[in-house]
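Each ligand, and each atom within it, is numbered from 1 in the order the structure gives. This is a predicted model, so every value here is computed, not measured. Atoms considered below: every heavy atom in the structure, side chains included; atoms not considered: hydrogens, waters and symmetry mates.
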Amino acid sequence: MTQEQVEVLILGSGPAGYTAAIYAARAGLTPVMYQGGQPGGQLTITNDVENFPGYPDGIQGPEMMEDLRKQAERFGLDNRYGMATGVDFSTPLSHKVIIDEKHEITAKVVIISTGASAKWLGLPSEQRLNGMGVSACAVCDGFFYRGQDVAIVGAGDTACEEAHYLSKLCRKVTMLVRRDEFRASVIMQKRVMHTPNIEIMFNTETVEVLGEHGVDSVKVKNTVSGEETIIPVTGFFVAIGHEPNTGIFKDFLELDEAGYIIVEKGSTKTNIEGVFASGDAQDKIYRQAITAAGTGCMAALDAERYLAEQE
Ligand code: NDP
């Protein structure tokens, strides 16, 4: 195992991580970032970002993340590929993080911005056909189903946004909604309800995704009548929310029942001195790029103050 000591270590490269990096680098804290399993974070698998202030015409998610990367590197961010695979936060000012199981970094401060990942239904058929017709990212994979019929599970803003995206590529999109109503904001609900090639099936649960080497249909059940129906589709998309990427911290950090890191109100301080949490890893309520960026800024400022207090 190789070893290294750094001042400030940032884990994760979404809007939270890069904003923390910009602030930390400009404050002369010489931050080192490990980008994690999905460099650029969740915005790299989205298309139009229309609600980030400062872009009157909107911007593509990957383009925005590229801009953030360049901005952070301009101020001297040491930006690296690699994934944190273990931590030991038992010694203040000497927190240990293992990268890819082979490199041990000791940092005075760790800023966690590891984000969240897509949730799955947990059906064996969903797992078996993952990548062969089953996907959790319409924007990444929708292109493969041009002119075809697809289904999407979920009733939140993500499901509505992805259903609408798919409706522009596919012949027909069937939305499978488990309750008798959406969770999504009214504007997003209206968007899918007014799209002619989106059919919405309420009170509908997925029983099984069917197909041998690819998806050929999905078996669903009406939760009120109990009736089962087979819908012919070649693509099956899952958009039922996300879970925070915080598993490696669970022995040291206080997490809530859903696994989000608990931070002190109005700050990014965790229960461990010198470990700060930002972005979706600690936010189950807002989960927006702009709020993630805001907490990334807070984490860098909290880190700077903490280091100044130690001197
Ligand atoms: P949400 O948690 O808001 O919604 C998840 C949806 O999946 C719910 O409708 C839920 O159903 C459904 N679901 C969960 N588990 C299952 C299951 N096992 N079977 C079937 N359905 C299931 O997640 P989102 O990813 O949609 O959104 C996350 C956050 O991001 C929200 O705050 C949202 O507003 C925001 N967002 C905003 C966007 C925008 O403003 N442009 C775009 C995308 C997201 P139920 O309702 O029954 O619980």
Side-chain angles (χ1 to χ4, degrees), residues 14-16 38 41-53 55 57-61 64 115-127 130 134-140 142 150-167 173-193 195 198 200-209 218-224 228-229 231 233 236-245 256-260 279-295:
Q38 189 174 31
Q42 293 181 75
L43 280 185
T44 58
I45 54 164
T46 196
N47 51 345
D48 289 332
V49 180
E50 294 183 332
N51 50 12
F52 200 95
Y55 295 103
D57 302 318
I59 183 164
Q60 297 289 299
M64 187 168 114
S117 300
K119 277 189 195 164
W120 296 96
L121 295 171
L123 300 170
S125 54
E126 170 195 56
Q127 205 178 352
N130 199 331
V134 172
S135 163
C137 178
V139 177
C140 320
V150 299
I152 181 163
V153 185
D157 281 328
T158 304
C160 290
E161 193 174 75
E162 299 208 337
H164 188 250
Y165 176 82
L166 289 168
S167 73
V173 180
T174 304
M175 279 192 90
L176 307 173
V177 175
R178 68 176 172 183
R179 290 186 295 133
D180 60 356
E181 60 178 5
F182 280 104
R183 179 180 293 273
S185 53
V186 174
I187 184 172
M188 300 299 274
Q189 293 186 28
K190 281 193 179 151
R191 193 175 290 179
V192 293
M193 286 191 288
T195 303
I198 297 181
I200 300 154
M201 293 177 74
F202 288 103
N203 297 314
T204 301
E205 262 174 24
T206 307
V207 178
E208 201 181 352
V209 190
V218 55
K219 188 197 276 186
V220 299
K221 182 178 167 184
N222 184 297
T223 54
V224 179
E228 291 192 341
T229 315
I231 309 168
V233 289
F236 180 77
F237 292 87
V238 180
I240 60 168
H242 292 83
E243 62 193 324
N245 300 319
D256 73 7
E257 68 296 339
Y260 289 87
D280 287 11
Q282 55 83 54
D283 173 19
K284 66 174 167 196
I285 299 172
Y286 303 104
R287 292 182 288 194
Q288 300 300 300
I290 185 68
T291 49
T295 56

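- Side chains of Gln42 and Asp280: a donor-acceptor N/O pair is present below 3.5 angstrom, by distance only.
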Start with the C-alpha gap between Ile200 and Phe182, add the side-chain angles, then the distance that decides, and say whether side chain to side chain contact (heavy atoms under 4.5 Å, CB included) holds.
CA-CA 10 Å; Ile200 300 154; Phe182 280 104; 3.9 Å; yes

Is there any protein N/O under 3.5 Å from an N/O of ligand 1, and what does the full list of such pairs look like?
residue: ligand 1; atom: 9 (O); partner: Ala155; partner atom: N; Å: 3.3
residue: ligand 1; atom: 9 (O); partner: Gly156; partner atom: N; Å: 3.4
residue: ligand 1; atom: 11 (O); partner: Arg178; partner atom: NE; Å: 3.3
residue: ligand 1; atom: 25 (O); partner: Thr158; partner atom: OG1; Å: 2.6
residue: ligand 1; atom: 26 (O); partner: Asp157; partner atom: N; Å: 3.3
residue: ligand 1; atom: 26 (O); partner: Thr158; partner atom: N; Å: 3.0
residue: ligand 1; atom: 26 (O); partner: Thr158; partner atom: OG1; Å: 3.1
residue: ligand 1; atom: 34 (O); partner: Asp157; partner atom: OD2; Å: 2.5
residue: ligand 1; atom: 41 (N); partner: Glu161; partner atom: OE2; Å: 3.2
residue: ligand 1; atom: 46 (O); partner: Arg179; partner atom: NE; Å: 3.4
residue: ligand 1; atom: 46 (O); partner: Arg179; partner atom: NH2; Å: 2.8
residue: ligand 1; atom: 46 (O); partner: Arg183; partner atom: NE; Å: 3.0
residue: ligand 1; atom: 46 (O); partner: Arg183; partner atom: NH2; Å: 3.4
residue: ligand 1; atom: 47 (O); partner: Arg178; partner atom: NE; Å: 2.9
residue: ligand 1; atom: 47 (O); partner: Arg179; partner atom: NE; Å: 2.6
residue: ligand 1; atom: 48 (O); partner: Arg178; partner atom: NH2; Å: 3.0
residue: ligand 1; atom: 48 (O); partner: Arg183; partner atom: NE; Å: 3.4
residue: ligand 1; atom: 48 (O); partner: Arg183; partner atom: NH2; Å: 2.6

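- Contact annotation: the side chain of Val209 approaches that of Val134 to within less than 4.5 Å [non-hydrogen atoms, C-beta and beyond].
- Under the 3.5 Å distance criterion, the side-chain polar atoms of Thr204 are left unmatched by any main-chain donor or acceptor of Arg178.
- Ion pairing between a basic and an acidic side chain is recognised when a charged N comes within 4.0 Å of a carboxylate O; Lys284 and Glu257 show such pairing.
- Within a 6.0 Å sphere centred on OH of Tyr55, other residues, nucleotides and ligands contribute more than 12 heavy atoms.
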